[in-house]
Each structure stands twice: as C-alpha cells, then as structure tokens.
Amino acid sequence: MRPGARIAAAIEVLEAILNRYQPVAMALTDWGKAHRFAGSGDRNAIGGLVYDALRRRASLAWALGDDGPRALAIGAAPQALGISAEAVIAACDGAEHSPPPLSDAERAGLTRDMAQAPDAARADIPEWLWPSFSAQFGGNAVAEGEAMARRAPADLRVNTLKSTQEKVLKALLPFGAAPCPISPIGIRVPPPSGAQRTPNLQAEAAFQAGWFEIQDEGSQIAALLSGAGPRKQVLDLCAGAGGKTLALAALMQNTGQLYAYDADRNQLKPIFDRIKRANVRNVQVLRAGDETALAALGPRFDVVLADAPCTGTGTWRRRPDAKWRLKPEALAARQAEQRSVLERAASLVKPGGQIVYVTCSILPEENVEQVAAFLDAHRDFRIVPTADAWAAAGVAGEVPESADGRSDTLLLSPGRHGTDGFFIAVLVRSA
C-alpha cells in the first residue's frame, strides 16, 4: 500500500475508535478482516500510525487546529511512517484509496512550532489532569509528558530458573536486544521506528522454552525491591496475569511458599500456563475472589506485594487510548480500591514483615498520598527508604533516583528512567 492508502486506513480506524468508541485492538482487527488484501507490513504500519496519533492526540490537535480522525492521522503520519511532511502532502492527492488534498491549515499544521502551545498540549496530557501531573514532575512535566507520548520498547525479564541474561541476549541478538539500564535481569528490545515491524517476541523459541517473560523494567524493579527470597512466605495480593508472581518465584528460587490471589477470575486465568512454561513450583494459586480463603491465611507473610488497581497512567505509552478515556470518577474509584487493598495487605503481614505497595500510576493521589494516609492510620508500620530497601534486597547496581525527587519512595518514569511509570513503597510492620 502507498503512504496515502495507509493514512486513509488510519483515518478509518480512528473514526471507529473516536466516534464509535471501539477499542483500538478491535478496530484494527475489524479493519484487517474487511481489507484482507492488506499485507502484514501494511497492517503493522497502519497500527503504528493509529497508536502514534492517539499518543500525541493533544499536540496534534493543537498543531492542526482539529482533533478529528483525519487531522490526527495526517499529523502523526510523518513520524509514524518515517516520511517527510512534503511526502504526506503529496500522498494525500485525492486519488483512489488516498485522502483528499490537504487544506492550507493542515499543511501549516504539519510543521507548526509547538513552542507556543499550552503546556498540557505539548505534553499530550488531558487538561483536567495537568495540575496533578505538573505538580508531580514540576519543571520536568512537559518532558515527562513528551516521553510518555513516544513508543515504548519491549522489556523482558530473564527467567533465572531456566536461563541466563547472556543466553537470552544471544537468542535475541537479531532484534537489537541489550541489557536494561537498571534491572540486572532485564533485557530491552528497542521500539520500531517509522513503519518498521514490531517484533513478535512471543513467537521466539526462547520464549516458548520459558527463558524470559515480557515485563517492563519498572515492574521488574518492583519485584526486586520486594525483599522476597528463598524459604520466605510471600503473597502476591493482586496477581493479575502473574507477571510479578513469576518474578517473585524466581527470586525465591522455587523455595518457600508463594500465594497468588486476584479478585478477577479473567485477570488470573493466564497465570496457569505461564507458571508451567516458567518451571515455577512453589506457587499456590488461590481461587479468584475467594476472600474467605485469603483471610484464613492470617498474618503469616514475610512479604505482601500489593500491586493495587490504579488508573494505569504510567502505561500510556502502551495504552494511549486509555489516556483520553480516563475520567475523574474513575480516579476516585481506584483510590477507594487502593485503600481497601492496603487494609487487606495489613491484615496478612506478620510482625517484622513488609507490604510492598505498587501502582503503575504517576499520580500522587494514588501513590504518596495513599501511603501517607495508610501510615497515619497504622502506627505499627513505617516506611523503608528506597536506598535501604535496595540494599536489603541485594539488588546489583546503583539505586535509581526517584522522578519526584523523594528518597523514601520510588517513582519510575519514561522520561527519567526509560520505564513505564511505576510507584513503589516498602512499608515494614513493627516486630
């Protein structure tokens, strides 16, 4: 397909997403089924263009003076397809399968200087969230927003129960794999540029053999900081699909006892196949939603990992459509769930044990403010400074500096660390 046809296809998909509220993956799948002549390279390029348009929706809308599907696709096309603005103008010639010619405003928008745009637009952050976002990152807020609007790499965690970083790096050498900057067991595959294909790493033999799991470096660091180790009693309270469960099992070297629990059966379903592939043997998966069985375990745990439900603002590089769907009432609902998770975690930690509170959010309302409220209500808990938790866990390398400048908790971000946005706080119960 010519660039003009790819732009027209992206407009069609964005129309389904923005005006008919269809999920991105479904909209792309439906388009592919209706246009079977499109090859895999074309579908990949169209998907990249759609996602890039959603990542940069606010800045593109400001530059082109329109936030409709056509403006977003045209504005994102140069970067997403790896072509010049002049090539985009030439591609939109009104010929068959190409968009109609660009207006003067659209032509100007392709090269408009963003220096005069409002900060929220430059950062591609919803206006209603900008006060909280800018308060969190201060003078780095625009740069952090811009980092969140770029494509994310594929981060992998080496499964030390079955392989080594050296072996996995060798197996993935064709993809440009390199060690992660912070995690000693992490590997990073760079994101595709322009219309390049996104590698299907799950199709690789090394993945099928259980040598690695796809897991953002920030999530790996949360598991590393947990303090989980051999012969300990550990609970993954909000296990979801089991990514952190598997990381904890590897840290425990398949010893001790690791419980995995989640209230959502559908979220928990993939964990069983993942456990088998990773050769994990010390995990007991509790029945989803069985709070009675969970409560019956009692305060026995050395570590409770509380990866609480959150707005997912830290994952906007990978799920850009969620950025624009988030509403204030959803934030309030997640905060209530976080308070409930922390209360449940507190009831299951033994004296001297610790809660590791984690979110994939960069909003202070879900992070430091929740921790402060919990500590006010639970005087038998205290916070463990990040450097102390890092040393106690025996993590190799230097302690990363928190993106918010704090030393008691750790905020990871795309702009500062190259990870997704993650918040980690270690809370120890008095012995």
Qualifying ring-ring contact (aromatic ring centres under 6.0 Å, His included) pairs with a residue from residues 137-177, counting only residues at least two apart or across chains: F133-F137
Sequence neighbours excluded - side-chain hydrogen bond (donor to acceptor under 3.5 Å, both in side chains) pairs with any residue from residues 135-144: E144-S413
Side-chain heavy-atom pair Y51, P320 within 4.5 angstrom cut-off: yes
Point-to-point distance, once rounded to the nearest 0.5 Å, from CH2 of W316 to OG of S361: 8.0 Å
Pairs where residues 56-75 contributes a residue and the test side-chain hydrogen bond (donor to acceptor under 3.5 Å, both in side chains) is met, not counting sequence neighbours: S59-D124, R70-E106
E329, CD: over 12 other non-hydrogen atoms inside 6.0 angstrom: yes
With N266 via side-chain hydrogen bond (donor to acceptor under 3.5 Å, both in side chains) - residues at least two apart: none
S98 vs C92 side-chain heavy atoms within contact, under 4.5 Å: no
side-chain contact (heavy atoms from CB on, under 4.5 Å) partners of Q233, counting only residues at least two apart: Q257, Y259, R300, F301, D302
Donor-acceptor side-chain pairing of T359 and Q338 below 3.5 angstrom: no
Between D155 and T419: side-chain donor-acceptor atoms closer than 3.5 Å: no
Shortest non-hydrogen contact between A308 and C238, atoms and distance: CA-SG, 4.4 Å
Heavy-atom closest contact (L225 atom, I424 atom, distance): CD1-CG2, 4.1 Å
Shortest non-hydrogen separation from G240 to D262 and the atoms involved: N-OD2, 2.9 Å
Test log, rule side chain to side chain contact (heavy atoms under 4.5 Å, CB included), inputs V395 and I221: CA-CA 9 Å; V395 185; I221 293 168; over 6 Å; no
Identified side-chain contact (heavy atoms from CB on, under 4.5 Å) counterpart of V280 within the set N159, L246, L258: L246
R406 vs L411, side chain to side chain contact (heavy atoms under 4.5 Å, CB included): CA-CA, chis, key distance, verdict: CA-CA 8 Å; R406 298 176 68 104; L411 179 65; over 6 Å; no
Distance (rounded to the nearest 0.5 Å) between C310 SG and E365 CD: 12.5 Å
With sequence neighbours excluded, residues passing side-chain contact (heavy atoms from CB on, under 4.5 Å) with T198: N44, P192
Check: H417 side chain, E401 main-chain N or O, donor-acceptor pair, under 3.5 Å: yes
Inter-residue atom distance I383.CD1 - Q354.CD, 0.5 Å rounding: 11.5 Å
Parallel, tilted or perpendicular, as decided by the 30° and 60° cut-offs, for the rings of H35 and W31: parallel
Any residue meeting ring-ring contact (aromatic ring centres under 6.0 Å, His included) with Y21, in chain and number order, not counting sequence neighbours: none
For E127, side-chain hydrogen bond (donor to acceptor under 3.5 Å, both in side chains) partners two or more places apart: none
Kindly list each side-chain donor-acceptor pair under 3.5 angstrom involving residues 207-216, sequence neighbours excluded, with atom names and distances?
from, atom 1, to, atom 2, distance (Å)
Q208, NE2, Q202, O, 2.6
E213, OE1, R274, NE, 3.3
E213, OE1, R274, NH2, 2.9
E213, OE1, R277, NH2, 3.3
E213, OE2, R277, NH2, 2.9
Q215, OE1, R157, NE, 2.9
Q215, NE2, S219, OG, 2.9
D216, OD1, R318, NH2, 2.9
D216, OD1, D420, N, 3.3
D216, OD2, G218, N, 2.8
D216, OD2, D420, N, 3.1

Pair Q22, D30: side-chain N/O donor-acceptor within cut-off below 3.5 Å: yes
M26 atom CE, over 12 foreign heavy atoms within 6.0 Å: no
N19 atom CG: more than 12 heavy-atom contacts under 6.0 Å: yes
side-chain contact (heavy atoms from CB on, under 4.5 Å) partners for K33, two or more places apart: T29, R36
Heavy-atom donor-acceptor pair, D307 side chain to D236 backbone, under 3.5 Å: no
Separation between CG of L129 and CH2 of W324, rounded to the nearest 0.5 Å: 9.5 Å
Straight-line distance of L14 CG to I46 CD1, nearest 0.5 Å: 11.0 Å
Pairs meeting criterion side-chain hydrogen bond (donor to acceptor under 3.5 Å, both in side chains) with involvement of residues 161-174, two or more places apart: none
Considering all heavy atoms, the nearest G47-L28 contact: CA-CD2, 3.9 Å
Inter-residue atom distance R150.CZ - R317.CZ, 0.5 Å rounding: 9.0 Å
Heavy-atom pair of closest approach, residues L49 and I7: CD2-CA, 4.0 Å
side-chain contact (heavy atoms from CB on, under 4.5 Å) against P101, all qualifying residues, sequence neighbours excluded: none
